[in-house]
Amino acid sequence: MFSDRYNPRDVESKWQKIWDDNQIFETKNDDPRPKYYVLEMFPYPSGRIHMGHVRNYAMGDVVARFKRACGMNVLHPMGWDAFGMPAENAAIQNNVHPAAWTHDNIASMRTQLKSIGLSLDWSREIATCDPSYYKHQQKMFLDFYSAGLVIRKKAKVNWDPVDQTVLANEQVIDGKGWRSGAVVEQRELTQWFFNITSFAEELLESLNTLPRWPEKVRLMQRNWIGRSEGVLIRFEINSKNPPAGFSEIEVFTTRPDTLFGAKFLALSPDHPIALTLATSDLGLSAFLDESRMNGTSMAAMETAEKKGWDTKLTVAHPFIPGQSVPVYIANFVLMEYGSGAVFGCPAHDQRDLDFANKYDLGNTPVVRPSSQDPETFVITTTAYEEDGVLFNSGFLNGLSTSEAAKRAIDALEQGDLNGAARGKRQVNFRLRDWGISRQRYWGCPIPIIHCEACGSVPAPADELPIELPADVTFDRLGNPLERHPTWKFVACPRCGKNARRETDTMDTFVDSSWYFARFTDPTIADAPTNRTVVDSWLPVDQYIGGIEHAVLHLLYSRFFTRAMKATGHVSVSEPFAGLFTQGMVVHETYKGPDGSWVLPQDVCLDGIGSSRRATLKSDGSHVTIGGIEKMSKSKKNVVDPDEIIQDYGADTARLFMLSDSPPDRDVIWSHEGVQGAGRFSQQLWRLVGNLVNVCAPLDSDPGSVEQSSALVIRRLVHRALLRVQDHYEKLRFNTAIAEIRKLTNALNATLGEMENTPSADEALALREAADVLVVMFSPVMPHLAEECWSRLGHKDLLSDAAWPAVIDTLAQEDTIVIPVQINGKKRAEISVPRDIDNESLERLALKLEPVEKALENRSPKKVIIVPQRIVNVVV
RNA sequence: GCCCCUAUGGCGGAACUGGUAGACGCGUCCGACUCAAAAUCGGAUUCCGCAAGGAGUGCUGGUUCGAUUCCGGCUAGGGGCACCA
């Protein structure tokens with residue numbers, strides 16, 4: 001018997017060193033085997049890895065190791081998303097330089113990651129805060145600038161008052177900064193933008209070319225891009241003295257079918273006409289100020305009263321000669337969407353109706369449900385927003401909503417207003433340009449020089465990188481670059497006069513928008529990418545990360561890749577061919593008698609179900625069991641990966657993170673779960689030990705095996721192998737592990753039955769079983785597998801071993817058990833040859849006792865036979 | 001408000017394109033080993049019933065020989081967007 005316990009602590013570090021010394025995970029770009037690029041979202045170097053990292057990287061590692069074993073040239077790199085706010089906050093609080101803080105964190109996290117035994121190519125490690133990385137980012141910024149993909153414009157932007165910086169729309173969640181949680185304010189500032197909207201249509205369309213992305217993520221991006229088709233209508237101002245320079249108002253609508261019901265026009269408080277009018281009207285000026293004061297938070301918008309200002313202007317209705325429509329300025333119209341002006345059709349839009357009722361503008365219903373009588377169909381306080389039949393609408397009468405919309409647009413396009421069409425079809429997007437200026441120090445400097453004479457001048461390419469100055473202070477709020485005594489003062493590269501550097505840095509999401517491309521050739525100095533190399537690796541075959549980046553990082557990267565393509569840095573448009581979004585690691589929360597959070601290890605749990613009780617270990621006082629939530633330090637429901645690896649080993653941590661829950665769902669951390677995983681490691685170790693004692697020697701050929709008991713073992717093994725590889729292929733780690741456990745149980749039982757004294761044939765089959773079993777679990781538990789492999793006598797490294805080939809004839813059963821149903825309910829089973837013909841199967845089934853009993857000598861009404869599946873007798 | 005997803009034993013979950021519901025694990029119970037405990041091993045574990053048998057995949061209706069799976073209506077939980085014209 002092989003009774004010694006497996007000791008992960010010694011074994012794991014031993015194999016990690018051997019892998020390292022042999023550089024077996026270093027990937028060559030000129031390797032002739034087919035490529036496979038697997039990547040997990042790189043971490044922010046916060047200082048410590050957490051269980052979420054372990055889960056994320058364990059998944060990627062299983063894929064990487066599996067694909068390696070399958071004979072592919074796998075690229076599996078790791079790096080650091082190293083710029084960002086926490087480093088600056090640490091600098092402010094602890095008087096440590098962001099660079100030093102970041103590099104220390106990288107060092108300790110690297111050590112932690114290495115202890116997990118990931119098959120990473122550390123020779124390709126990059127950190128985005130390294131000038132050798134951001135140099136190329138600055139080069140691409142300039143390339144994008146020349147290509148018109150970078151623009152500088154004044155716009156309403158989101159200002160995070162805590163982080164003291166601007167945020168992109170995607171980085172504002174529920175009106176709050178994604179990192180600080182502070183309620184975001186609106187400010188009008190001149191900023192740098194990436195022209196992501198120029199790719200809006202393409203970014204939307206191409207989602208259809210990504211079948212290996214979760215539908216949920218594609219949907220979220222679709223909604224975020226928010227395409228809507230409509231028409232831009234020109235309304236002629238028919239007042240005698242319109243504001244200077246304005247003779248018409250453009251309005252975007254998706255409901256031109258309701259045009260006959262128009263009762264007012266509403267302009268945004270930021271609309272040029274509103275601004276012009278306000279210069280000579282103090283009351284209006286005050287109204288505009290008041291409108292802008294309104295918060296943009298969810299609560300503020302829901303409760304904000306819809307308010308309007310009558311401009312006394314009117315416009316001509318495009319379809320009803322002689323009818324004029326009043327023009328209001330309204331606090332709910334956004335300047336950023338469409339043309340900053342809407343027409344109101346109160347009968348068919350609730351908000352318009354509320355507004356019209358408030359200002360007594362009336363309503364004319366023009367769409368009715370087909371069942372409704374036009375004579376009696378009136379609108380009072382509830383707008384009819386559904387589709388229907390047009391009435392009260394001149395040439396649109398009787399048409400359906402969609403047909404009427406088409407006709408209305410046609411009429412507008414053919415109609416004439418001062419020598420041009422009255423309207424034109426237009427597609428509008430919700431997506432806004434990506435504002436990348438950040439008023440922060442710890443980011444990639446924007447390589448632009450502002451000259452009073454020449455404007456914004458690109459920094460000369462040979463001066464890149466524009467490095468961050470090291471001598472900065474964090475004793476005051478604001479951007480240290482702005483107040484640095486010398487850094488920003490330079491000569492204009494164009495005219496040589498005194499000029500200033502741009503002191504804003506780039507959004508850190510820029511850094512992470514192309515790191516996957518840099519990994520393909522991370523040391524090339526004179527360009528961001530080596531075209532031959534990057535084109536041979538991209539797209540990433542399998543990308544794995546959290547759902548929280550569904551529209552942030554994942555949309556930015558899709559844009560950036562397109563921009564890189566447009567400027568000649570890559571050939572692909574889509575960076576990630578396959579995407580997998582893993583669930584979070586969650587844990588129950590506990591609160592002590594004083595309402596403060598309590599660590600799980602300080603809690604004693606009793607009972608099950610609704611009678612579960614929790615008490616404090618120290619003094620037995622009552623503990624409230626809270627919800628199961630994402631692990632976070634503030635709620636004290638964290639489990640430190642280091643401790644788990646110390647106590648149970650990395651393999652056990654990896655196994656537990658992958659078993660039980662499907663990888664895309666949250667996994668609940670439980671002490672019992674880890675112990676169960678640890679137990680299974682020991683079981684495997686024991687089983688392999690027992691197999692070693694009885695199985696045939698290394699490299700023996702099981703092909704000659706004839707004894708049926710040995711063939712049973714072989715079938716078991718090949719069937720499991722087939723299933724496990726299928727599960728790995730589809731990233732179903734939980735079911736792969738279940739299958740491995742099943743095989744383990746079966747082999748244990750087999751060994752028990754033969755009392756550890758197999759025949760010669762059985763010994764051959766067991767040798768195969770042992771080798772295959774170990775290979776099968778190696779992607780999940782690589783250290784244990786490597787140790788078992790060596791124990792089985794192999795001289796080579798398991799990490800270099802090939803995935804065994806499934807023998808189809810063995811994986812298929814030749815005798816199968818088929819359920820027999822009577823009227824759709826299972827009543828019996830029969831064991832038959834796999835390839836039995838339907839007639840014989842029916843004959844056998846009808847002779848079964850429960851069937852005969854049910855038939856009572858009558859003949860069945862119908863017999864349904866699905867080959868290899870089921871027999872259903874209808875009586 | 002709009003859009004989307006999910007719902008299976010005490011718990012996490014499994015079930016390929018409609019074909020034996022509950023794989024695998026956790027927990028619990030019983031037993032073995034032990035002076036004892038831990039560890040380990042064996043067995044049981046959807047519910048009702050002594051049993052034969054019956055019921056059962058959130059609720060409800062439908063399609064089908066047959067529905068966890070497809071369709072309609074509801075309920076609950078979760079997520080995304082949000083004054084988007």
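Below, each value reflects all heavy atoms present in this structure, side chains not excepted, and no hydrogens, waters or symmetry copies.
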Phosphate OP1/OP2 of [N]: any [X] side-chain N/O under 4.0 Å:
X      : N      : result
A/R679 : B/rG27 : yes
A/N745 : B/rG25 : yes
A/K862 : B/rU64 : no
A/R351 : B/rA85 : no
A/K742 : B/rA23 : no
A/R430 : B/rA82 : yes

Counting Watson-Crick and G-U wobble pairs only, both distances under 3.5 Å, name the nucleotide matched with [N], or none.
N      : value
B/rG31 : B/rC41
B/rG12 : B/rC24
B/rC2  : B/rG80
B/rC50 : none

Review point. Any chance the rings of A/W213 and A/F580 have centres within less than 6.0 Å?
Key: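 Centroid distance A/W213-A/F580: not below 6.0 Å, so no.
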Check your understanding: Centroid-to-centroid, A/Y328 to A/F355, below 6.0 Å?
Key ->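 So the answer is yes for these two rings.
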Point to revise | Heavy-atom donor-acceptor pair, A/N872 side-chain to B/rC65 base, under 3.5 Å | key: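 Flag set: donor-acceptor pair detected.
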**Study point:** Check: B/rC83 base within 3.5 Å donor-acceptor of A/K306 side chain
**Key:**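 Such a pair is found, so the answer is yes.
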When we call it a touch if two heavy atoms are under 4.0 Å apart, what does [X] touch: a base, just sugar-phosphate, or nothing?
X      : answer
A/T253 : sugar-phosphate
A/E739 : nothing
A/V820 : nothing
A/V863 : nothing
A/K825 : sugar-phosphate
A/N734 : sugar-phosphate
A/K216 : sugar-phosphate
A/Q821 : base
A/N428 : nothing

Tell me the interatomic distance from [X], atom [atom1], to [N], atom [atom2], rounded to whole angstroms.
X      : N      : atom1 : atom2 : result
A/R686 : B/rA39 : CZ    : P     : 13 Å
A/D174 : B/rG80 : CG    : C1'   : 10 Å
A/R222 : B/rG79 : CZ    : P     : 22 Å
A/R665 : B/rC11 : CZ    : P     : 14 Å
A/K826 : B/rC65 : NZ    : P     : 23 Å
A/L219 : B/rC81 : CG    : P     : 12 Å
A/R732 : B/rA15 : CZ    : C1'   : 11 Å

Point to revise | N-glycosidic conformation, B/rG79 - syn within 90 degrees of 0, else anti | key: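 Anti.
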Point to revise | Pi-cation contact, A/W685 with A/R5 (under 6.0 Å, within 45°) | key: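 Judged by the rule (NZ or CZ under 6.0 Å from the ring centre, within 45° of its axis), A/R5 is not positioned above A/W685.
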Exercise for review: Assess A/R741 against A/F680: is NZ or CZ under 6.0 Å from the centre of the six-membered ring, and within 45 degrees of the ring's axis?
Suggested key: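 Because its charged atom sits under 6.0 Å from the ring centre and within 45° of the axis, A/R741 does stack over A/F680.
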If we ignore angles and hydrogens, is there a donor and acceptor under 3.5 Å between the side chains of [X] and [Y]?
X      : Y      : value
A/Y384 : A/E386 : no
A/H348 : A/T258 : no
A/N734 : A/D660 : no

**Study point:** Gap in Å between the two P atoms, one belonging to B/rU69 and one to B/rG61, rounded
**Key:**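 The same atom, P, in both gives a distance of 14 Å.
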